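Only a predicted model underlies this, so the values are computations on that prediction, with no experimental measurement involved.
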Amino acid sequence: MEETSTMPDSAVPGPAPAVPPTPPVPLAALLAREDLGLRQIAGPQNSATVIHWAHTSEMADPYPYLLGGELLLTAGVHVPEAAGSGTYFDDYVSRIVEAGGAALGFGVAPVHDTVPRALVVACDDYGLPLVEVPPRTTFSGVARAVWQLMAQARHTELRRVTEAQQSLAAAAARPDPVPSVLRQLAQRVGGRATLYAPDGGEVASAGRMPAAGAGAGGEVSGALAGLVAVVRPATGNGSGAGTGDVSAGSGTGAGTGKGPGGGGPTPSSASDTAAGVHLAAYALGTGQGFVLGVAAPRRDPGDHTIASVGAVLLSLLTGEHQSSTGAARSSALVRLLLGAAPEEVAPLLGGGERWVVVHARPDGPAPDAVTASALGAALGSALVDVDGDVVRVLVPAGHREPTVQQGWTCGVSAPVGPNEWGSGDTQAGRALSRARATRTRLVRHGEHPGLADLVPPSEAAAHARTVLAPITANPALTETLRTWLSLHGSWDRTAVALSVHRNTVRQRITRCATLLSTDLDDPDVRMELWFALRHA
(Lines give C-alpha, C1' and ligand atoms only; values in the text may rest on other atoms or scores of the structure.)
Protein backbone atom coordinates (compact mmCIF):
# COMPACT_ATOMS: atom_id res chain seq x y z
CA MET A 1 0.00 0.00 0.00
CA GLU A 2 1.56 3.30 -1.11
CA GLU A 3 1.33 6.19 1.33
CA THR A 4 1.25 9.78 0.15
CA SER A 5 0.19 12.85 2.07
CA THR A 6 -1.58 15.94 0.85
CA MET A 7 -0.87 17.47 4.27
CA PRO A 8 2.30 16.57 6.25
CA ASP A 9 2.02 15.22 9.79
CA SER A 10 4.23 18.05 10.96
CA ALA A 11 1.58 20.62 10.03
CA VAL A 12 0.35 22.56 13.03
CA PRO A 13 -3.40 23.26 12.92
CA GLY A 14 -4.71 26.78 13.43
CA PRO A 15 -6.96 27.81 16.25
CA ALA A 16 -10.09 27.17 14.19
CA PRO A 17 -10.91 24.71 11.38
CA ALA A 18 -10.12 26.17 7.98
CA VAL A 19 -12.34 25.52 4.99
CA PRO A 20 -10.67 25.64 1.55
CA PRO A 21 -12.10 27.94 -1.15
CA THR A 22 -13.23 24.94 -3.20
CA PRO A 23 -16.55 23.09 -2.94
CA PRO A 24 -16.38 19.89 -0.85
CA VAL A 25 -16.71 16.45 -2.45
CA PRO A 26 -19.63 14.19 -1.45
CA LEU A 27 -18.32 10.90 -0.07
CA ALA A 28 -20.93 9.17 -2.24
CA ALA A 29 -19.25 10.61 -5.38
CA LEU A 30 -15.92 9.15 -4.31
CA LEU A 31 -17.49 5.76 -3.59
CA ALA A 32 -19.08 5.81 -7.04
CA ARG A 33 -15.68 5.86 -8.76
CA GLU A 34 -15.37 2.36 -10.19
CA ASP A 35 -11.65 2.80 -10.83
CA LEU A 36 -11.01 3.11 -7.08
CA GLY A 37 -13.16 0.20 -5.88
CA LEU A 38 -13.84 1.83 -2.51
CA ARG A 39 -16.51 0.32 -0.26
CA GLN A 40 -18.11 1.78 2.86
CA ILE A 41 -18.31 -0.92 5.54
CA ALA A 42 -19.29 1.05 8.65
CA GLY A 43 -20.77 4.33 9.81
CA PRO A 44 -23.88 6.17 8.67
CA GLN A 45 -24.89 5.90 5.02
CA ASN A 46 -25.45 9.66 4.78
CA SER A 47 -25.50 11.30 1.37
CA ALA A 48 -24.77 14.63 3.06
CA THR A 49 -21.28 13.51 4.17
CA VAL A 50 -18.69 15.64 2.35
CA ILE A 51 -14.89 15.66 2.18
CA HIS A 52 -12.77 18.81 2.00
CA TRP A 53 -9.44 17.05 1.39
CA ALA A 54 -7.57 13.74 1.77
CA HIS A 55 -4.80 13.19 4.32
CA THR A 56 -2.58 10.18 5.01
CA SER A 57 -1.26 9.51 8.51
CA GLU A 58 0.00 6.52 10.49
CA MET A 59 -0.01 8.35 13.82
CA ALA A 60 -1.72 6.58 16.72
CA ASP A 61 -3.30 9.92 17.65
CA PRO A 62 -3.95 11.96 14.47
CA TYR A 63 -5.90 14.67 16.33
CA PRO A 64 -3.10 17.31 16.39
CA TYR A 65 -2.65 17.04 12.63
CA LEU A 66 -6.27 17.27 11.45
CA LEU A 67 -8.03 20.49 10.48
CA GLY A 68 -11.50 19.03 10.04
CA GLY A 69 -13.35 17.67 7.01
CA GLU A 70 -10.62 15.21 5.98
CA LEU A 71 -10.81 11.73 4.56
CA LEU A 72 -8.09 10.24 6.78
CA LEU A 73 -6.23 7.40 5.05
CA THR A 74 -4.28 4.77 7.02
CA ALA A 75 -2.85 1.32 6.40
CA GLY A 76 -2.96 0.48 10.13
CA VAL A 77 0.83 0.57 10.63
CA HIS A 78 0.22 2.18 14.04
CA VAL A 79 -2.18 -0.54 15.24
CA PRO A 80 -0.62 -2.82 17.92
CA GLU A 81 -1.16 -6.58 17.76
CA ALA A 82 -3.40 -6.65 20.84
CA ALA A 83 -5.53 -3.68 19.73
CA GLY A 84 -8.64 -5.76 19.20
CA SER A 85 -8.97 -6.75 22.86
CA GLY A 86 -8.67 -3.28 24.40
CA THR A 87 -9.93 0.27 23.90
CA TYR A 88 -7.36 1.23 21.26
CA PHE A 89 -9.81 1.58 18.37
CA ASP A 90 -12.40 3.40 20.50
CA ASP A 91 -9.76 5.94 21.51
CA TYR A 92 -8.46 6.23 17.94
CA VAL A 93 -11.88 6.80 16.33
CA SER A 94 -13.07 9.17 19.06
CA ARG A 95 -10.05 11.40 18.46
CA ILE A 96 -10.74 11.52 14.72
CA VAL A 97 -14.37 12.48 15.37
CA GLU A 98 -13.30 15.07 17.94
CA ALA A 99 -10.94 16.64 15.40
CA GLY A 100 -13.75 16.90 12.86
CA GLY A 101 -12.62 14.18 10.48
CA ALA A 102 -15.23 13.41 7.84
CA ALA A 103 -14.39 9.75 7.14
CA LEU A 104 -11.71 7.10 7.62
CA GLY A 105 -10.20 5.10 4.79
CA PHE A 106 -8.44 1.85 5.79
CA GLY A 107 -6.06 0.27 3.32
CA VAL A 108 -6.11 -3.53 3.07
CA ALA A 109 -2.52 -4.90 2.63
CA PRO A 110 0.32 -4.93 3.16
CA VAL A 111 -0.09 -4.70 6.95
CA HIS A 112 -3.61 -6.11 7.36
CA ASP A 113 -5.45 -8.66 5.25
CA THR A 114 -8.83 -7.35 6.36
CA VAL A 115 -10.20 -4.34 8.17
CA PRO A 116 -10.05 -5.07 11.95
CA ARG A 117 -13.49 -5.96 13.27
CA ALA A 118 -12.99 -3.79 16.36
CA LEU A 119 -12.40 -0.78 14.09
CA VAL A 120 -15.66 -1.45 12.25
CA VAL A 121 -17.54 -1.57 15.57
CA ALA A 122 -15.91 1.64 16.82
CA CYS A 123 -16.80 3.54 13.63
CA ASP A 124 -20.40 2.39 13.94
CA ASP A 125 -20.49 3.46 17.57
CA TYR A 126 -19.08 6.94 16.89
CA GLY A 127 -20.89 7.52 13.60
CA LEU A 128 -17.71 7.82 11.50
CA PRO A 129 -17.94 6.51 7.91
CA LEU A 130 -15.35 3.77 7.38
CA VAL A 131 -14.19 3.06 3.83
CA GLU A 132 -12.27 -0.05 2.78
CA VAL A 133 -9.46 0.71 0.31
CA PRO A 134 -8.59 -2.40 -1.78
CA PRO A 135 -4.95 -3.46 -2.32
CA ARG A 136 -4.94 -2.33 -5.95
CA THR A 137 -5.83 1.27 -5.02
CA THR A 138 -3.07 3.57 -3.76
CA PHE A 139 -3.65 6.38 -1.30
CA SER A 140 -2.24 8.81 -3.85
CA GLY A 141 -4.88 7.59 -6.30
CA VAL A 142 -7.61 8.32 -3.74
CA ALA A 143 -6.17 11.79 -3.05
CA ARG A 144 -5.98 12.50 -6.78
CA ALA A 145 -9.60 11.45 -7.23
CA VAL A 146 -10.64 13.82 -4.42
CA TRP A 147 -8.89 16.74 -6.09
CA GLN A 148 -10.34 15.82 -9.50
CA LEU A 149 -13.84 15.83 -8.06
CA MET A 150 -13.09 19.15 -6.36
CA ALA A 151 -11.92 20.65 -9.64
CA GLN A 152 -15.10 19.48 -11.37
CA ALA A 153 -17.24 20.90 -8.57
CA ARG A 154 -15.30 24.17 -8.68
CA HIS A 155 -15.81 24.47 -12.44
CA THR A 156 -19.53 23.77 -12.06
CA GLU A 157 -19.82 26.32 -9.28
CA LEU A 158 -17.94 29.00 -11.22
CA ARG A 159 -20.18 28.44 -14.23
CA ARG A 160 -23.27 28.71 -12.02
CA VAL A 161 -22.02 31.96 -10.48
CA THR A 162 -21.11 33.40 -13.89
CA GLU A 163 -24.51 32.57 -15.35
CA ALA A 164 -26.19 34.09 -12.29
CA GLN A 165 -24.17 37.31 -12.62
CA GLN A 166 -25.14 37.61 -16.28
CA SER A 167 -28.82 37.02 -15.57
CA LEU A 168 -28.81 39.54 -12.70
CA ALA A 169 -27.16 42.16 -14.90
CA ALA A 170 -29.77 41.55 -17.60
CA ALA A 171 -32.54 41.84 -15.01
CA ALA A 172 -31.14 45.21 -13.85
CA ALA A 173 -31.54 46.53 -17.40
CA ARG A 174 -35.23 45.66 -17.60
CA PRO A 175 -37.96 48.33 -17.34
CA ASP A 176 -38.80 47.04 -13.81
CA PRO A 177 -35.22 46.53 -12.57
CA VAL A 178 -35.73 46.13 -8.81
CA PRO A 179 -38.45 43.42 -8.99
CA SER A 180 -36.56 41.74 -11.84
CA VAL A 181 -33.31 41.53 -9.86
CA LEU A 182 -35.16 40.15 -6.83
CA ARG A 183 -36.95 37.53 -8.96
CA GLN A 184 -33.72 36.42 -10.57
CA LEU A 185 -31.88 36.29 -7.25
CA ALA A 186 -34.65 34.26 -5.59
CA GLN A 187 -34.59 31.82 -8.50
CA ARG A 188 -30.81 31.42 -8.34
CA VAL A 189 -30.69 30.65 -4.61
CA GLY A 190 -33.92 28.66 -4.60
CA GLY A 191 -35.57 30.77 -1.91
CA ARG A 192 -36.87 34.27 -1.21
CA ALA A 193 -35.26 37.67 -1.77
CA THR A 194 -36.66 40.82 -0.14
CA LEU A 195 -35.71 44.49 -0.32
CA TYR A 196 -36.30 46.23 3.02
CA ALA A 197 -36.90 49.98 3.34
CA PRO A 198 -35.03 52.14 5.90
CA ASP A 199 -38.01 51.85 8.27
CA GLY A 200 -37.92 48.05 8.14
CA GLY A 201 -40.89 47.60 5.83
CA GLU A 202 -40.76 45.44 2.70
CA VAL A 203 -40.33 47.41 -0.53
CA ALA A 204 -40.51 44.38 -2.82
CA SER A 205 -39.93 40.65 -2.64
CA ALA A 206 -39.81 37.61 -4.88
CA GLY A 207 -39.72 33.84 -4.52
CA ARG A 208 -41.03 31.63 -1.74
CA MET A 209 -39.87 31.32 1.83
CA PRO A 210 -38.20 27.90 2.17
CA ALA A 211 -40.22 25.33 4.09
CA ALA A 212 -39.38 25.30 7.79
CA GLY A 213 -40.51 23.09 10.63
CA ALA A 214 -44.12 23.10 11.80
CA GLY A 215 -44.99 26.50 13.22
CA ALA A 216 -41.50 27.86 12.49
CA GLY A 217 -42.51 30.26 9.72
CA GLY A 218 -42.85 33.16 12.13
CA GLU A 219 -39.50 32.32 13.71
CA VAL A 220 -37.78 32.42 10.32
CA SER A 221 -39.41 35.73 9.33
CA GLY A 222 -38.54 37.25 12.69
CA ALA A 223 -34.93 36.07 12.52
CA LEU A 224 -34.55 37.54 9.03
CA ALA A 225 -36.06 40.86 10.15
CA GLY A 226 -33.67 40.92 13.11
CA LEU A 227 -30.71 40.16 10.87
CA VAL A 228 -31.77 42.99 8.54
CA ALA A 229 -31.88 45.41 11.48
CA VAL A 230 -28.36 44.43 12.51
CA VAL A 231 -26.78 45.38 9.18
CA ARG A 232 -28.93 48.46 8.49
CA PRO A 233 -26.69 51.57 8.50
CA ALA A 234 -27.18 53.81 11.52
CA THR A 235 -27.83 56.75 9.17
CA GLY A 236 -30.90 55.04 7.73
CA ASN A 237 -34.33 56.01 8.97
CA GLY A 238 -35.55 53.69 11.65
CA SER A 239 -32.20 51.99 11.93
CA GLY A 240 -32.80 51.18 15.54
CA ALA A 241 -36.18 49.60 15.02
CA GLY A 242 -36.83 45.90 15.22
CA THR A 243 -33.36 44.76 16.16
CA GLY A 244 -34.71 41.35 17.12
CA ASP A 245 -32.72 38.32 18.19
CA VAL A 246 -30.49 36.88 15.53
CA SER A 247 -29.25 34.01 17.63
CA ALA A 248 -32.02 31.65 16.52
CA GLY A 249 -30.52 28.50 15.11
CA SER A 250 -26.77 28.39 14.52
CA GLY A 251 -26.01 32.03 13.92
CA THR A 252 -22.83 32.86 12.04
CA GLY A 253 -23.21 36.64 12.14
CA ALA A 254 -20.63 37.95 9.70
CA GLY A 255 -19.42 41.39 10.58
CA THR A 256 -17.37 43.30 13.09
CA GLY A 257 -19.98 45.31 14.90
CA LYS A 258 -22.91 44.94 17.22
CA GLY A 259 -25.44 46.62 14.98
CA PRO A 260 -27.84 49.39 15.97
CA GLY A 261 -27.53 50.37 19.55
CA GLY A 262 -24.67 47.93 20.09
CA GLY A 263 -21.97 50.52 20.46
CA GLY A 264 -19.88 49.24 17.56
CA PRO A 265 -19.64 49.67 13.77
CA THR A 266 -22.45 48.24 11.71
CA PRO A 267 -21.53 45.15 9.66
CA SER A 268 -22.23 45.32 5.92
CA SER A 269 -23.54 41.75 5.87
CA ALA A 270 -24.50 38.98 8.27
CA SER A 271 -25.81 35.41 8.12
CA ASP A 272 -27.82 33.17 10.42
CA THR A 273 -29.81 29.94 10.46
CA ALA A 274 -33.34 29.59 11.82
CA ALA A 275 -35.41 26.38 11.77
CA GLY A 276 -33.06 24.91 9.18
CA VAL A 277 -33.42 27.90 6.82
CA HIS A 278 -30.27 29.81 5.88
CA LEU A 279 -30.61 33.58 6.17
CA ALA A 280 -28.40 36.44 4.97
CA ALA A 281 -28.69 40.24 4.99
CA TYR A 282 -26.70 42.79 2.96
CA ALA A 283 -26.65 46.54 3.61
CA LEU A 284 -26.91 48.39 0.30
CA GLY A 285 -24.17 50.91 -0.33
CA THR A 286 -26.49 53.86 -0.94
CA GLY A 287 -26.37 55.34 2.55
CA GLN A 288 -30.16 55.36 2.53
CA GLY A 289 -30.72 52.41 4.88
CA PHE A 290 -31.97 49.86 2.33
CA VAL A 291 -31.13 46.21 3.07
CA LEU A 292 -31.38 43.03 1.00
CA GLY A 293 -32.60 39.95 2.88
CA VAL A 294 -32.21 36.42 1.48
CA ALA A 295 -33.69 33.15 2.78
CA ALA A 296 -32.63 29.87 1.19
CA PRO A 297 -32.99 26.16 1.99
CA ARG A 298 -29.21 25.64 1.73
CA ARG A 299 -26.00 27.63 1.59
CA ASP A 300 -23.93 26.59 -1.40
CA PRO A 301 -20.40 28.00 -1.79
CA GLY A 302 -21.35 30.42 -4.56
CA ASP A 303 -24.59 31.71 -3.02
CA HIS A 304 -22.83 34.49 -1.09
CA THR A 305 -21.17 35.72 -4.29
CA ILE A 306 -24.46 35.66 -6.18
CA ALA A 307 -26.31 37.51 -3.43
CA SER A 308 -23.48 40.07 -3.19
CA VAL A 309 -23.83 40.82 -6.91
CA GLY A 310 -27.56 41.30 -6.39
CA ALA A 311 -26.83 43.69 -3.50
CA VAL A 312 -24.45 45.75 -5.66
CA LEU A 313 -27.02 46.05 -8.45
CA LEU A 314 -29.77 47.00 -6.00
CA SER A 315 -27.42 49.59 -4.49
CA LEU A 316 -27.08 51.20 -7.90
CA LEU A 317 -30.81 51.07 -8.52
CA THR A 318 -31.95 52.37 -5.13
CA GLY A 319 -29.22 55.00 -5.12
CA GLU A 320 -30.36 56.22 -8.52
CA HIS A 321 -34.05 56.45 -7.66
CA GLN A 322 -33.91 57.49 -4.02
CA SER A 323 -31.01 59.93 -3.76
CA SER A 324 -31.53 63.65 -4.19
CA THR A 325 -29.23 63.73 -7.22
CA GLY A 326 -31.25 60.95 -8.85
CA ALA A 327 -34.46 62.89 -8.26
CA ALA A 328 -32.85 66.00 -9.74
CA ARG A 329 -31.82 64.10 -12.87
CA SER A 330 -35.34 62.75 -13.27
CA SER A 331 -36.69 66.28 -12.93
CA ALA A 332 -34.25 67.55 -15.56
CA LEU A 333 -35.32 64.81 -17.99
CA VAL A 334 -39.00 65.62 -17.52
CA ARG A 335 -38.40 69.32 -18.09
CA LEU A 336 -36.46 68.61 -21.28
CA LEU A 337 -39.27 66.38 -22.55
CA LEU A 338 -41.76 69.14 -21.78
CA GLY A 339 -39.84 71.68 -23.83
CA ALA A 340 -37.43 73.40 -21.41
CA ALA A 341 -34.16 74.70 -22.85
CA PRO A 342 -31.01 72.73 -21.94
CA GLU A 343 -29.47 75.71 -20.14
CA GLU A 344 -32.52 75.83 -17.84
CA VAL A 345 -32.19 72.21 -16.69
CA ALA A 346 -28.38 72.03 -16.55
CA PRO A 347 -28.22 73.29 -12.93
CA LEU A 348 -30.36 70.31 -11.85
CA LEU A 349 -27.68 67.95 -13.15
CA GLY A 350 -25.09 69.21 -10.70
CA GLY A 351 -22.68 70.63 -13.26
CA GLY A 352 -21.51 74.12 -14.07
CA GLU A 353 -21.75 76.17 -17.22
CA ARG A 354 -19.45 73.96 -19.29
CA TRP A 355 -19.63 70.25 -20.05
CA VAL A 356 -17.71 67.64 -22.05
CA VAL A 357 -19.23 64.68 -23.87
CA VAL A 358 -17.38 61.36 -23.86
CA HIS A 359 -18.02 58.56 -26.37
CA ALA A 360 -16.47 55.24 -25.33
CA ARG A 361 -16.33 51.81 -26.89
CA PRO A 362 -15.18 48.70 -24.96
CA ASP A 363 -12.49 46.35 -26.24
CA GLY A 364 -14.72 43.34 -25.49
CA PRO A 365 -18.44 42.61 -25.92
CA ALA A 366 -21.09 45.29 -26.26
CA PRO A 367 -21.55 47.17 -22.98
CA ASP A 368 -24.49 46.56 -20.65
CA ALA A 369 -26.06 48.86 -18.06
CA VAL A 370 -23.73 47.78 -15.25
CA THR A 371 -20.57 48.17 -17.35
CA ALA A 372 -21.72 51.59 -18.52
CA SER A 373 -22.47 52.71 -14.96
CA ALA A 374 -19.00 51.63 -13.88
CA LEU A 375 -17.45 53.71 -16.67
CA GLY A 376 -19.58 56.69 -15.67
CA ALA A 377 -18.42 56.34 -12.07
CA ALA A 378 -14.80 56.27 -13.22
CA LEU A 379 -15.36 59.46 -15.23
CA GLY A 380 -17.19 61.10 -12.33
CA SER A 381 -20.69 61.27 -13.78
CA ALA A 382 -23.92 59.31 -13.48
CA LEU A 383 -25.26 60.77 -16.74
CA VAL A 384 -24.69 57.68 -18.86
CA ASP A 385 -26.35 56.35 -22.01
CA VAL A 386 -25.76 53.02 -23.77
CA ASP A 387 -26.20 53.37 -27.53
CA GLY A 388 -25.41 50.05 -29.17
CA ASP A 389 -21.67 49.43 -28.91
CA VAL A 390 -20.99 52.95 -27.64
CA VAL A 391 -21.42 54.43 -24.17
CA ARG A 392 -22.04 58.19 -24.00
CA VAL A 393 -21.26 60.09 -20.80
CA LEU A 394 -22.04 63.75 -20.06
CA VAL A 395 -19.37 65.05 -17.66
CA PRO A 396 -19.22 68.49 -15.98
CA ALA A 397 -16.13 70.28 -17.34
CA GLY A 398 -13.47 70.91 -14.74
CA HIS A 399 -15.03 68.47 -12.26
CA ARG A 400 -12.76 65.63 -13.40
CA GLU A 401 -10.73 65.67 -16.59
CA PRO A 402 -11.55 62.52 -18.60
CA THR A 403 -8.50 60.25 -18.74
CA VAL A 404 -7.62 56.96 -20.42
CA GLN A 405 -9.85 54.13 -19.15
CA GLN A 406 -8.48 50.59 -19.18
CA GLY A 407 -10.33 48.44 -21.69
CA TRP A 408 -12.02 51.40 -23.44
CA THR A 409 -11.36 53.55 -26.49
CA CYS A 410 -12.65 57.08 -25.86
CA GLY A 411 -13.39 60.27 -27.74
CA VAL A 412 -13.82 63.51 -25.79
CA SER A 413 -15.48 66.71 -26.97
CA ALA A 414 -14.34 70.25 -26.29
CA PRO A 415 -16.04 71.96 -23.32
CA VAL A 416 -19.48 73.13 -24.42
CA GLY A 417 -22.42 74.93 -22.88
CA PRO A 418 -25.79 73.21 -22.32
CA ASN A 419 -27.15 74.70 -25.54
CA GLU A 420 -24.23 73.07 -27.40
CA TRP A 421 -24.64 69.54 -26.06
CA GLY A 422 -25.59 68.35 -29.55
CA SER A 423 -22.37 69.77 -31.00
CA GLY A 424 -20.38 68.18 -28.19
CA ASP A 425 -21.99 64.84 -28.96
CA THR A 426 -20.94 65.16 -32.61
CA GLN A 427 -17.39 66.15 -31.60
CA ALA A 428 -17.07 63.19 -29.23
CA GLY A 429 -18.33 60.79 -31.90
CA ARG A 430 -15.77 62.05 -34.41
CA ALA A 431 -13.02 61.92 -31.80
CA LEU A 432 -13.93 58.29 -31.06
CA SER A 433 -13.80 57.42 -34.75
CA ARG A 434 -10.36 59.00 -34.98
CA ALA A 435 -9.20 57.16 -31.85
CA ARG A 436 -10.29 53.81 -33.30
CA ALA A 437 -8.72 54.56 -36.66
CA THR A 438 -5.38 55.57 -35.12
CA ARG A 439 -5.55 52.88 -32.41
CA THR A 440 -5.28 55.52 -29.71
CA ARG A 441 -6.92 54.99 -26.32
CA LEU A 442 -8.23 58.56 -26.01
CA VAL A 443 -8.58 61.42 -28.51
CA ARG A 444 -9.80 64.90 -27.57
CA HIS A 445 -11.49 67.34 -29.90
CA GLY A 446 -9.04 70.26 -30.02
CA GLU A 447 -9.84 73.93 -29.57
CA HIS A 448 -6.68 75.57 -30.87
CA PRO A 449 -6.91 79.19 -32.14
CA GLY A 450 -5.78 79.63 -35.73
CA LEU A 451 -6.46 81.47 -38.97
CA ALA A 452 -10.00 80.11 -39.07
CA ASP A 453 -10.80 82.11 -35.93
CA LEU A 454 -10.19 85.35 -37.88
CA VAL A 455 -13.31 84.73 -39.97
CA PRO A 456 -16.67 85.57 -38.34
CA PRO A 457 -18.64 82.35 -37.71
CA SER A 458 -21.63 83.50 -39.79
CA GLU A 459 -19.45 84.24 -42.83
CA ALA A 460 -17.54 80.96 -42.37
CA ALA A 461 -20.83 79.02 -42.26
CA ALA A 462 -22.14 80.76 -45.37
CA HIS A 463 -18.91 79.97 -47.22
CA ALA A 464 -19.12 76.33 -46.08
CA ARG A 465 -22.66 75.97 -47.39
CA THR A 466 -21.61 77.31 -50.79
CA VAL A 467 -18.50 75.12 -51.11
CA LEU A 468 -20.17 71.92 -49.94
CA ALA A 469 -23.53 72.42 -51.65
CA PRO A 470 -22.95 69.71 -54.31
CA ILE A 471 -22.54 66.98 -51.66
CA THR A 472 -24.65 68.29 -48.76
CA ALA A 473 -27.65 66.23 -49.78
CA ASN A 474 -25.65 63.03 -49.24
CA PRO A 475 -24.52 62.79 -45.56
CA ALA A 476 -22.48 59.66 -46.31
CA LEU A 477 -20.32 61.59 -48.79
CA THR A 478 -19.88 64.50 -46.39
CA GLU A 479 -18.86 62.33 -43.47
CA THR A 480 -16.55 60.19 -45.60
CA LEU A 481 -14.80 63.31 -46.93
CA ARG A 482 -14.46 64.73 -43.43
CA THR A 483 -12.98 61.51 -42.02
CA TRP A 484 -10.71 60.97 -45.04
CA LEU A 485 -9.26 64.48 -44.76
CA SER A 486 -8.79 64.17 -40.99
CA LEU A 487 -6.79 60.97 -41.54
CA HIS A 488 -4.57 62.55 -44.22
CA GLY A 489 -6.11 60.64 -47.08
CA SER A 490 -5.59 57.15 -45.66
CA TRP A 491 -7.98 54.70 -47.29
CA ASP A 492 -7.51 51.92 -44.76
CA ARG A 493 -7.80 54.07 -41.61
CA THR A 494 -10.86 55.83 -43.03
CA ALA A 495 -12.48 52.46 -43.75
CA VAL A 496 -11.85 51.37 -40.15
CA ALA A 497 -13.21 54.64 -38.73
CA LEU A 498 -16.40 54.40 -40.79
CA SER A 499 -16.74 50.60 -40.56
CA VAL A 500 -16.93 50.23 -44.34
CA HIS A 501 -14.78 48.55 -47.01
CA ARG A 502 -11.81 50.52 -48.36
CA ASN A 503 -13.26 50.27 -51.87
CA THR A 504 -16.40 52.02 -50.59
CA VAL A 505 -14.18 54.85 -49.32
CA ARG A 506 -12.47 55.15 -52.73
CA GLN A 507 -15.81 55.24 -54.54
CA ARG A 508 -17.20 57.95 -52.23
CA ILE A 509 -14.08 60.14 -52.44
CA THR A 510 -14.07 59.82 -56.23
CA ARG A 511 -17.75 60.82 -56.24
CA CYS A 512 -16.95 63.84 -54.03
CA ALA A 513 -14.19 64.96 -56.40
CA THR A 514 -16.57 64.68 -59.35
CA LEU A 515 -19.45 66.58 -57.71
CA LEU A 516 -17.14 69.29 -56.34
CA SER A 517 -15.29 69.55 -59.67
CA THR A 518 -11.94 69.74 -57.92
CA ASP A 519 -8.65 67.89 -57.48
CA LEU A 520 -8.53 66.31 -54.03
CA ASP A 521 -4.79 65.65 -54.40
CA ASP A 522 -4.16 69.42 -54.27
CA PRO A 523 -3.24 70.42 -50.64
CA ASP A 524 -4.81 73.86 -51.12
CA VAL A 525 -8.10 72.21 -52.11
CA ARG A 526 -7.93 69.89 -49.12
CA MET A 527 -7.32 72.85 -46.78
CA GLU A 528 -10.26 74.75 -48.29
CA LEU A 529 -12.57 71.77 -47.93
CA TRP A 530 -11.42 71.09 -44.35
CA PHE A 531 -12.16 74.71 -43.44
CA ALA A 532 -15.64 74.37 -44.94
CA LEU A 533 -16.34 71.08 -43.20
CA ARG A 534 -15.36 72.53 -39.83
CA HIS A 535 -17.94 75.29 -40.20
CA ALA A 536 -20.66 73.30 -41.95
Side-chain angles (χ1 to χ4, degrees), residues 17-32 44-53 68-69 71 100 102-103 127 129 146 149-165 167-168 181-195 205-228 230-231 246-255 269-282 291-311:
V19 177
T22 53
V25 174
L27 178 59
L30 195 62
L31 295 173
Q45 302 284 338
N46 188 351
S47 60
T49 301
V50 295
I51 299 169
H52 288 283
W53 41 53
L71 167 62
V146 170
L149 290 171
M150 281 186 173
Q152 294 172 6
R154 182 63 173 167
H155 176 74
T156 300
E157 190 67 13
L158 287 174
R159 183 171 58 186
R160 184 177 79 92
V161 171
T162 300
E163 291 175 350
Q165 291 173 334
S167 64
L168 286 169
V181 169
L182 291 173
R183 283 196 300 269
Q184 193 60 233
L185 178 57
Q187 177 183 339
R188 292 292 172 173
V189 301
R192 186 174 181 83
T194 304
L195 178 63
S205 62
R208 294 183 177 181
M209 186 68 75
E219 176 187 348
V220 173
S221 299
L224 182 57
L227 201 63
V228 165
V230 167
V231 303
V246 297
S247 61
S250 56
T252 59
S269 66
S271 60
D272 191 21
T273 302
V277 177
H278 296 282
L279 310 174
Y282 302 82
V291 179
L292 169 65
V294 179
R298 61 187 182 279
R299 185 173 291 146
D300 292 333
D303 286 345
H304 175 70
T305 301
I306 295 172
S308 296
V309 172

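What you find for Val181 and Gly310 is that their closest heavy atoms are CG1-O, 4.2 Å. When all heavy atoms are compared, the tightest approach of Pro129 to Ala102 is CD-O, 3.4 Å. Scanning all heavy atoms of the two residues, the minimum distance from Ala274 to Val220 falls at O-CG2, 3.6 Å. Taking all atoms of both residues into account, the shortest heavy-atom contact from Leu224 to Leu279 is N-CD1, 3.7 Å. Between Ala275 and Glu219 the shortest heavy-atom distance is N-OE2, 4.0 Å. Heavy atoms only, all atoms of each residue included: Ser205 and Arg192 are closest at OG-NH2, 2.8 Å.
Contact of the Val189 side chain with the His278 side chain is not registered, since no non-hydrogen atoms from C-beta on lie closer than 4.5 Å. When side chains are defined from C-beta on, Val161 does not count as touching Val309, because their heavy atoms never get closer than 4.5 Å.
Atom CG of residue Leu185 and atom CD1 of residue Ile306 lie 8.0 Å apart, to the nearest 0.5 angstrom. Taken from CG in Leu31 to CD in Gln45, the straight-line distance is 8.0 Å, to the nearest 0.5 Å.
In this view, Arg160 and Glu157, Asp303 satisfy the salt bridge (charged side-chain N to carboxylate O under 4.0 Å, His left out) rule, not counting sequence neighbours. Every side chain to side chain donor-acceptor pair (under 3.5 Å) that Arg188 has, sequence neighbours left out, goes to Ser167, Gln184. Under the rule for a side-chain contact (heavy atoms from CB on, under 4.5 Å), the partners of Gln152 that lie at least two apart in sequence or sit in another chain are Leu149. In this view, Thr162 and Gln166 satisfy the side-chain contact (heavy atoms from CB on, under 4.5 Å) rule, not counting sequence neighbours. Looking at residues two or more places apart in sequence or on another chain, you find a salt bridge (charged side-chain N to carboxylate O under 4.0 Å, His left out) between Arg298 and Asp300. Among residues two or more places apart in sequence or in another chain, the side-chain contact (heavy atoms from CB on, under 4.5 Å) test is passed with Pro26 by Ala29. In this structure, the side-chain contact (heavy atoms from CB on, under 4.5 Å) partners of Ala311, at least two apart in sequence or on a different chain, are Tyr282, Leu284, Leu292.
Between Leu71 and the choices Val50, Thr49, Ile51, the side-chain contact (heavy atoms from CB on, under 4.5 Å) rule is met once, by Ile51.
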